[in-house]
Amino acid sequence: MAGLNDMQEQACEHVDGPLLILAGAGSGKTRVITHRVAYLMEHEGVNPLNILAITFTNKAAREMRERVDLIVGDGADRVWVSTFHSLCVRILRRYADKIGYGKNFDIYDSDDQKSTVKSILKDFQIDPKRYPEKMFMAEISKAKEKYLSPDEFAKKNAADYAGTKAAEVYTEYQSRLKKNNAMDFDDLIYKTVELFEHNPDVLDTYQNRFRYIMVDEYQDTNHIQFLLVKMLARKYRNLCVVGDDDQSIYKFRGANITNILNFEKEYEDAKVIKLEQNYRSCGNILAAANAVIQHNAGRKDKALWTDKDAGEKISFEQCDSEYAEGDMVASRIKTLVRQGVDYRDIAILYRTNAQSRVLGEKMVYANIPYRVYGGTNFYARKEIKDVLAYLKVINNSTDNLYFRRVVNVPKRGIGEASLSKVESFADAYGLSMMDAAARADEIPGMAAKTSAKIRQFAELITSFRDMLADGESLDSVYDRILEDTGYESELIAEHTEEAMTRLENIDELRNKVVEFTEDNEEAGLSEFLEEIALVSDLDAMSEDDNQVKLMTLHSAKGLEFPYVFICGMEDRVFPSGIALNSDDPDALEEERRLCYVGITRAMKKLYLSAAKERMMHGNRVYSDVSRFIREIPPMLFEHEADMKNMAKRRESESVDRYNRGEGRRDAYGSSYGDTYAGYGGERTAGAASGRSYGQKNPYSSYAKQQSYGQPSSQPSFGKAFVVNSVGKPDYAVGDRVRHIKFGPGTVEALEKGDKDYEVTVNFDRCGVRKMFASFAKLKKCE
DNA sequence: GTGGTGATAGTTTTT
DNA sequence: CTATCACCAC
């Protein structure tokens, strides 16, 4: 086959039976998948309808489709290429009735999820301060990822109070979604698996349909996705999965790396092909990537190689602040452009979205065209959600959540008190709130004035429905909504910059409506809503605009750029403070994989940068250069000598610290000890040079306690910590204790960890908190 | 029922 | 620093 190396060719020509392709970064993975599709069709005569390719993002799906098109041309459009989520939606739209849902179910995004959980907590009188809704959302999501029903989840978590509560919320959450005929993201997959499990005939249909299945980014699949694939592939076993364990960066979202590591156990006759030749990056970049990832334990052994030249050395610069960093990046970009590089060939990557603000500002200053991807998703913006909620209500949605969202936007004088009357009326008669609103005059105990307002709203919605039924186009109804509801005029009247942006966004959404109606003449409102339920603005990335691209490292996966800047190479930024503090050693490894992903995005030249100080959560914070920088051999950098010096300086610094009794933190390496002792040290240094620190910073207050609150004879942060951590606290479960910040409370649990006691306290003022005993500095109340 | 105020807590990555 | 929330005065 043309243009493929031996391994790639083997991968393409393996037709029957399970196949695992371990494809390193830049090893031509997409190429292999697309060529394999082509091979199946052209050489094996496989009907394109029988091929399913699952990708992780819509963008990847689109790209793959285009590339298959290029190779085979005819029939490629009949290959089913989609993401897990859209695949499941398509199946469920057809069969949702078999599992008790309406076929026109709504899809809840995380915002909708959150408001649902919030309202449940309110009804259950669970204090969100003590048990934040986020926690429940995470629990529910985790349960679904493991394919645990509310009942099973309840059984598993019956032992402790929090688990029981979580189970109750999960149960209620599920029943509310069902009542609203809605599914969240996790449900889409969960319910598909459930559908298959209870309807073997349906499963059989799809097994026959998808005789050849390919899954991209297999390292990022979670358990339920694994189950889904396993079910679909069970009959013909023509399953080809492609992935790279080194690029698994979504564990926080439930991705299960063992899916790929155990593929050979699951499918014993699996053929395994490793793609180790990298076609993307030049030698120095690849060497850096290899050096970094080698610090991870427990990975499948492989080493990428390239026959490209070493290329340019890697640039590293430690700037004074995040602003200086932004300036530096801007000036480097200008230099590149002067040398003839296109803006579109440059990407700026960072760990957290928050970093994009300063970088974006600096691009504006420097007159560099740029675009920030990710961040607040376009479809998650308030005004967009409002307008979409209108559309959803108009689209005969039985969902009360969307009704509630728009019924009083703009203000119509319909408040919570009236709404709960509408809701109980609806519940009593088995109606949706929308239907109940149309009969508002029948609702007992409602003032005539109020019920008139509510009926008016219902009539407004009905008028939009009628327009659509009369065949008016989607975009003209869209305009009427903005006008007749007064939404637009309210924004115009505001006369603020923010309102203008919102109007622009609403206009942008209108463009999407028009675009959609042009592309899909047959389709109506519900098809439109469906189309946009599963897309993010990352999917809209276009090659046409000659702009620098700014995005998180996560978003950059699967992409490549000739010139890549990675900013914020500082400990506690990247790797993130959370990973550094985590007691799960894999957290740091996941950060390292992320670093590996970032480095391997670069083709020609890689620029790494750090800031000595930056604003974080409203406080100036001083940071060390990221440990990942030190994992790259100095010889790969432009200023080799400087890098060596930096390494040396650090060494002597830590020897110094050790002699002063601080170095122990390295030896004991407790997560908390590391961070807080570090802060203590930095803080003193900073104070000495006359810098002021925000007193509100929780870190500095800990640091303060640490350094001054000890009866130790030396100002030795690490040491004090170590001494303290070994001893058992003088309080026990049930004792009353006092915390310097949180006040009085009762000890609920005391567990011995590796290096420290972990104590759970129920504080009178702020609820249950878990902390390390040596840091909590709890005083027993006699 | 609305709108303003002040306080407060939370800030990793996203299909 | 910012988004959200509880509370209070109309």
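Just so it is clear, the values below take in all heavy atoms, side chains as well, and ignore hydrogens, waters and symmetry mates. In what follows, chains carry the letters A, B, and so on, assigned in the order in which the sequence lines appear, proteins first and then strands, with residues in each chain numbered from 1.
- Note on Ala354(A): nothing from the nucleic acid sits closer than 4.0 angstrom, heavy atoms only.
- Both the sub-6.0 Å distance and the 45° axial angle are satisfied by Arg93(A) relative to the ring of Phe105(A).
- A gap of 24 Å separates the C1' atoms of dT12(B) and dC5(C), to the nearest Å.
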Reading 5' to 3' through nucleotides 4-10 of chain C, protein heavy-atom contacts under 4.0 Å coded B for base, S for sugar-phosphate only, - for none
SS-----
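- In this structure, a donor-acceptor pair under 3.5 Å is absent between the side chains of Gln113(A) and Ser110(A).
- The nucleotide whose nearest atom lies closest to any side-chain atom of Glu591(A) is, among dT15(B), dT12(B), dT14(B), dT12(B).
- Atom NZ of Lys557(A) is separated from atom C1' of dT14(B) by 11 Å (rounded to the nearest Å).
- Relative ring orientation between Phe252(A) and His554(A) is described as perpendicular, the plane-to-plane angle rising above 60° on a 0-90° scale split at 30° and 60°.
- The side chain of Thr57(A) sits closest to dT15(B) out of dG1(B), dT13(B), dT15(B).
- Listed by residue number, Asn408(A), Lys411(A), Gly413(A) are the residues of residues 403-413 of chain A with a heavy-atom contact under 4.0 Å to DNA chain B.
- Neither OP1 nor OP2 of dT14(B) sits under 4.0 Å from any side-chain N or O of Ser110(A).
- A sub-4.0 Å separation between OP1 or OP2 of dT13(B) and a side-chain N or O of Ser576(A) is absent.
- Applying the ring-ring contact (aromatic ring centres under 6.0 Å, His included) rule to Phe528(A) yields the partners Phe516(A); only residues at least two apart in sequence or on another chain are considered.
- A cation-pi arrangement is present between Arg371(A) and Tyr373(A) under the rule of less than 6.0 angstrom and at most 45 degrees off the ring axis.
- The side chain of His85(A) lies closest to dT15(B) when the candidates are dT14(B), dT15(B), dG1(B).
- Side chain of Thr600(A) to backbone of Val597(A): a donor-acceptor contact under 3.5 angstrom is found.
- Judged by the 6.0 Å and 45° rule, Lys557(A) forms a cation-pi pair with Phe56(A).
- Dashed line: the shortest gap from a side-chain N or O of Thr352(A) to OP1 or OP2 of dT11(B) is not under 4.0 Å.
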